[in-house]
Enquirer: 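Have a look at this one before I ask anything.
The analysis underlying the following values was restricted to heavy atoms, covering all of them including side chains, and did not include hydrogens, waters or symmetry mates. Numbers here simply count residues along the sequence, with the first being 1.
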Amino acid sequence: MNTAGMVPFVKWAGGKRQMLDQLAIRMPKEYGAYYEPFVGGGALALHLEPGRVFLNDINRELIHTYTEIRDHVDTLLVLLDTMDKVTCTKEYYYEMRSRYNEKLRLKDYDAEMAALFIYLNKHCFNGLYRVNTKGQFNVPWNQKQLVRSMDMENMKRISAFLKSVTLTCQDFEAAMKDAKKGDFVYFDSPYAPLNPSSFDSYTKEGFAEEEHRRLAELFRRLAEKGVFCMLTNHNTELIRELYEGFLIEEIDVRRAINSDPKKRTGKEVIIRSYGEALPDTGTEA
């Protein structure tokens, strides 16, 4: 494990960079394979650089970008550098967004699509990834003209790391089918809404309450098999109900991706199927 670690190449909703220390000290001392069925930005995996790694996400464009970084990083870096040489005006941003959406429409999954994916992430509002009912990326510009889309050395390190990683794009349950006793899985699952009545907005992303219940059942099955399981989510009544009986620790977090600054602090929970509670869980991550 390299303690210096790498950093995510994208900003992702629910990203765990600020929680890395809290997560790392709760890792099992030893484990077999490392699994993340909701990889997102992959902050923990990139920080830890474990040996046998299985990363999955249901977002096809995200996994395609991971694959391009692994297989064609030099081409990707040239494309991003070329894009970055142009001042990001409003017009240029929307031109790049239109080009990306055209590639989505044509299902043209190549290095340029991955470059556009990263570029838009760094130049869109709050690093959100959101599509409309037609499947088009529709996040507006962040109004920042001079933002670098990538750190070249970090990208090269990620590329080297990913060469020994198994990448998949499938349902979270399917992604865990080979996990066995002694393996470790980190579930950076989609957030349960703080207000239970707002679940409707989550169904568009395919993660309604029934999905949270299915995930909790998977967590229990894996734990019973002897798989080390760790999960993070909002500190809500539903989450505490679903994971009753497991070790649940509350921590303070900053939610930088929330559009309302007043809602950028809150409570999250780290849930484990192993280990003991730590005394410093009340500090801000």
Side-chain angles (χ1 to χ4, degrees), residues 1-12 14-17 19-21 23-80 109-115 117-118 121 129 149-189 218 222 225-232 274:
M1 184 179 78
N2 186 333
T3 53
M6 297 163 283
V7 297
F9 58 89
V10 286
K11 184 177 181 180
W12 207 250
K16 293 299 180 288
R17 287 181 69 176
M19 289 175 63
L20 286 177
D21 289 344
L23 297 174
I25 60 176
R26 289 170 172 81
M27 293 284 294
K29 293 285 190 291
E30 294 181 0
Y31 54 90
Y34 175 103
Y35 286 87
E36 273 202 59
F38 306 94
V39 67
L44 185 60
L46 294 175
H47 176 71
L48 296 171
E49 300 182 47
R52 291 177 52 230
V53 184
F54 297 83
L55 303 180
N56 176 77
D57 204 279
I58 199 67
N59 186 311
R60 182 181 176 185
E61 291 71 45
L62 175 65
I63 293 300
H64 168 70
T65 304
Y66 272 99
T67 304
E68 288 296 313
I69 291 172
R70 182 191 67 193
D71 299 339
H72 305 115
V73 69
D74 291 334
T75 301
L76 199 57
L77 291 173
V78 170
L79 287 167
L80 283 168
Y109 287 82
D110 62 2
E112 186 186 21
M113 177 190 267
F117 180 94
I118 295 170
N121 178 268
Y129 191 85
S149 297
M150 49 83 187
D151 176 319
M152 188 174 293
E153 290 308 311
N154 185 61
M155 289 280 277
K156 287 181 177 179
R157 287 185 64 194
I158 293 174
S159 178
F161 168 66
L162 290 174
K163 291 190 187 307
S164 60
V165 169
T166 301
L167 294 167
T168 54
C169 181
Q170 57 190 342
D171 178 79
F172 65 85
E173 203 163 350
M176 297 307 304
K177 66 182 185 300
D178 295 327
K180 60 184 185 297
K181 181 178 180 179
D183 289 343
F184 170 76
V185 54
Y186 171 47
F187 292 104
D188 186 9
S189 53
L218 174 63
L222 290 171
K225 280 173 56 175
V227 177
F228 299 114
C229 298
M230 180 162 68
L231 178 143
T232 48
Y274 60 91

Enquirer: Between Tyr186 and Tyr34, is the ring centroid distance below 6.0 Å?
Expert: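 That pair fails the under 6.0 Å test.
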Enquirer: For a quick test of reading the model, state the closest non-hydrogen atom pair linking Ser149 to Leu80 and the distance between them.
Expert: CB-CD2, 3.9 Å
Enquirer: Under 4.5 Å between any side-chain heavy atoms of Val10 and Tyr129, yes or no?
Expert: no
Enquirer: Provide the closest heavy-atom pair for Pro50 versus Ala45 in the form atom of the first, atom of the second, distance.
Expert: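 The answer is CD-O, 3.4 Å.
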Enquirer: Report yes if some heavy atom in the side chain of Val7 is under 4.5 Å from a heavy atom in the side chain of Asp151; otherwise report no.
Expert: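 Not touching, per the 4.5 Å side-chain cut-off.
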Enquirer: Of the non-hydrogen atoms in Trp12 and Gly40, which two are nearest, and what is the gap between them?
Expert: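 Smallest interatomic distance, heavy atoms only, reads CD1-CA, 3.5 Å.
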Enquirer: Is there a side-chain contact between Phe184 and Met230 (heavy atoms, below 4.5 Å)?
Expert: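 In short, these two side chains touch, coming nearer than 4.5 Å.
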Enquirer: Start with the C-alpha gap between Leu23 and His47, add the side-chain angles, then the distance that decides, and say whether side-chain contact (heavy atoms from CB on, under 4.5 Å) holds.
Expert: CA-CA 11 Å; Leu23 297 174; His47 176 71; over 6 Å; no
Enquirer: Look at the side chain of Ser159 and the backbone N and O of Ile69, then say whether any donor-acceptor pair between them is shorter than 3.5 Å.
Expert: yes
Enquirer: To the closest 0.5 Å, what do you measure between CE (Met150) and CG (Leu77)?
Expert: 5.0 Å
Enquirer: Show every salt bridge (charged side-chain N to carboxylate O under 4.0 Å, His left out) that has at least one partner inside residues 164-175, sequence neighbours left out.
Expert: Asp171-Arg214, Glu173-Arg214, Glu173-Arg221
Enquirer: Can you tell me how far CE of Met113 sits from OG1 of Thr65, rounded to the nearest 0.5 angstrom?
Expert: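 Going from the OG1 atom of Thr65 to the CE atom of Met113 covers 8.0 Å.
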Enquirer: What pairs of residues pass the salt bridge (charged side-chain N to carboxylate O under 4.0 Å, His left out) test when at least one of them lies in residues 62-73, not counting sequence neighbours?
Expert: none
Enquirer: Just verifying a value: how many Å separate Ile63 CD1 and Asn56 CG, rounded to the nearest 0.5 Å?
Expert: 6.0 Å
Enquirer: Applying the side-chain contact (heavy atoms from CB on, under 4.5 Å) test to Tyr35, which of Leu222, Val227, Asp183 qualifies?
Expert: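 For Tyr35, the side-chain contact (heavy atoms from CB on, under 4.5 Å) check succeeds only for Asp183.
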Enquirer: Applying side chain to side chain contact (heavy atoms under 4.5 Å, CB included), can you list everything that pairs with Ser189, at least two apart in sequence or on another chain?
Expert: Phe38, Leu215, Leu231, Asn233
Enquirer: How close do Cys169 and Arg60 get, heavy atom to heavy atom, and via which atoms?
Expert: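 What the structure gives for the nearest pair is SG-CA, 3.6 Å.
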Enquirer: For the rings on Phe187 and Phe172, is their centre-to-centre separation under 6.0 Å?
Expert: no
Enquirer: When rounded to the nearest 0.5 angstrom, what distance separates OG1 in Thr232 from CZ in Arg26?
Expert: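 One gets 11.5 Å once the value is rounded to the nearest 0.5 Å.
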Enquirer: When rounded to the nearest 0.5 angstrom, what is the spacing between CG in Leu162 and CG in Leu167?
Expert: 6.0 Å
Enquirer: When you measure from the side chain of Lys180 to the backbone N and O of Gly32, does any donor-acceptor pair fall under 3.5 Å?
Expert: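 Not a single qualifying donor-acceptor pair exists.
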Enquirer: To the closest 0.5 Å, what do you measure between OG1 (Thr67) and CG (Leu62)?
Expert: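 So the gap between those two atoms works out to 9.5 Å.
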Enquirer: Less than 4.5 Å apart, side chain to side chain, heavy atoms only: is that true for His64 and Phe117?
Expert: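 Side-chain contact under 4.5 Å: no.
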Enquirer: Looking at every non-hydrogen atom in both residues, tell me the closest pair between Glu49 and Phe161 and how far apart they are.
Expert: CA-CE1, 3.7 Å
Enquirer: Determine whether a donor-acceptor pair (N or O, by modelled atom type, separation under 3.5 Å) exists between the side chain of Asp188 and the backbone of Glu36.
Expert: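 Looks like no, no N/O pair under 3.5 Å.
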Enquirer: When you look at NZ of Lys225, are more than 12 heavy atoms from neighbouring residues, nucleotides or ligands closer to it than 6.0 Å?
Expert: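 Enclosed: over 12 neighbouring heavy atoms sit under 6.0 Å from NZ of Lys225.
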Enquirer: Which heavy atom in Gly42 sits nearest to a heavy atom in Tyr66, and how many Å separate them?
Expert: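 Taking Gly42 first and Tyr66 second, the nearest heavy atoms are N-OH, 3.5 Å.
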